[in-house]
Amino acid sequence: MAFYTKRVMQAAQAAADDAVTALAFQVEGQAKINVRENGQIDTGFMLNSIYTVAPEGNTYRQAWSTGDYDSTKGEGAQHRELGGEMSAREHMALVVVGAEYGLFQETVNSFLYRALDMVSADSPGVTVRQM
């Protein structure tokens, strides 16, 4: 009986890439839910600047582009900047907030790290590693 190490390793890596991608998209979705629940929507730009770069998918092109957006708080149009597309290392994923003020909002009321924490808590065997 022949053992096909290379094929087995390729199949295992493909399955791992699928799992990493699925988890990243779950984190993206939960982060967007958290933004809504936290009341952090002004123009909608930050919510729509959250994107995923993963082995099996990339949603950067779906993020809102840099421009002027109307405030829901009656403050007129606000200029918003989307950062450049980030890239993930092979077999890894990123969930990114492209809005230039995303970090400030995260420190005021966490939505992204909390999403990662929530998804990993519901996924036995998943280890979260900060880089």
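- For residues 22-46, the set of pairs meeting the ring-ring contact (aromatic ring centres under 6.0 Å, His included) definition, not counting sequence neighbours, comprises Phe45-Tyr69.
- Atom CG of Leu112 is separated from atom CG of Asp117 by 11.0 Å, given to the nearest 0.5 angstrom.
- In terms of modelled atom types and a separation under 3.5 Å, the side chain of Asn38 and the main chain of Gln40 share no donor-acceptor contact.
- Scanning all heavy atoms of the two residues, the minimum distance from Val20 to Ala93 falls at CG1-CB, 3.6 Å.
- Here the side chain of Ser110 pairs no donor or acceptor atom with the backbone of Glu106 at under 3.5 angstrom.
- Residues satisfying the side-chain hydrogen bond (donor to acceptor under 3.5 Å, both in side chains) test with Gln26, not counting sequence neighbours, are none.
- Nearest heavy-atom pair across Leu82 and Ser65 is CD2-CA, 4.2 Å.
- Taking CD from Gln105 and CD1 from Ile41, the interatomic distance works out to 11.0 Å, rounded to the nearest 0.5 Å.
- Other residues sharing a hydrophobic cluster with Phe104 under the 4.5 Å side-chain heavy-atom criterion for ILVMFWY residues are Val108.
- Of the possible polar contacts, none joining the Thr52 side chain to the Asn58 backbone as a donor-acceptor pair under 3.5 Å is found.
- Closest non-hydrogen pair, Leu23 versus Ser123, comes out as CD2-OG, 3.4 Å.
- The nearest pair of heavy atoms linking Gln78 to Ser71 is CG-CB, 4.2 Å.
- Applying the ring-ring contact (aromatic ring centres under 6.0 Å, His included) test to residues at least two apart or on different chains, none of the pairs has a partner in residues 77-102.
- Take Val96 and apply the side chain to side chain contact (heavy atoms under 4.5 Å, CB included) test, not counting sequence neighbours, and it matches Tyr51, Met86, Leu94.
- Heavy-atom minimum distance, Ala115 versus Asn34: N-ND2, 3.5 Å.
- In the hydrophobic cluster analysis, where Ile, Leu, Val, Met, Phe, Trp and Tyr join through side-chain heavy atoms closer than 4.5 angstrom, Leu47 is grouped together with Tyr60.
- In this structure, the separation between CZ on Phe111 and CE on Met46 is 4.0 Å, given to the nearest 0.5 Å.
- Sorted by first and then second residue, the salt bridge (charged side-chain N to carboxylate O under 4.0 Å, His left out) pairs involving residues 38-66 (not counting sequence neighbours) are Asp42-Arg80, Arg61-Glu85.
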Legend entry - Chi angles and distances behind the side-chain contact (heavy atoms from CB on, under 4.5 Å) call for Thr59, Val53: CA-CA 7 Å; Thr59 57; Val53 177; over 6 Å; no
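- Formation of a donor-acceptor pair under 3.5 Å by the Glu81 side chain with backbone atoms of Thr66 is not found in this model.
- When all heavy atoms are compared, the tightest approach of Val95 to Glu28 is CG1-CA, 3.9 Å.
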Legend entry - Worked check of side-chain contact (heavy atoms from CB on, under 4.5 Å) between Ile33 and Glu37: CA-CA 6 Å; Ile33 290 168; Glu37 290 179 352; 3.6 Å; yes
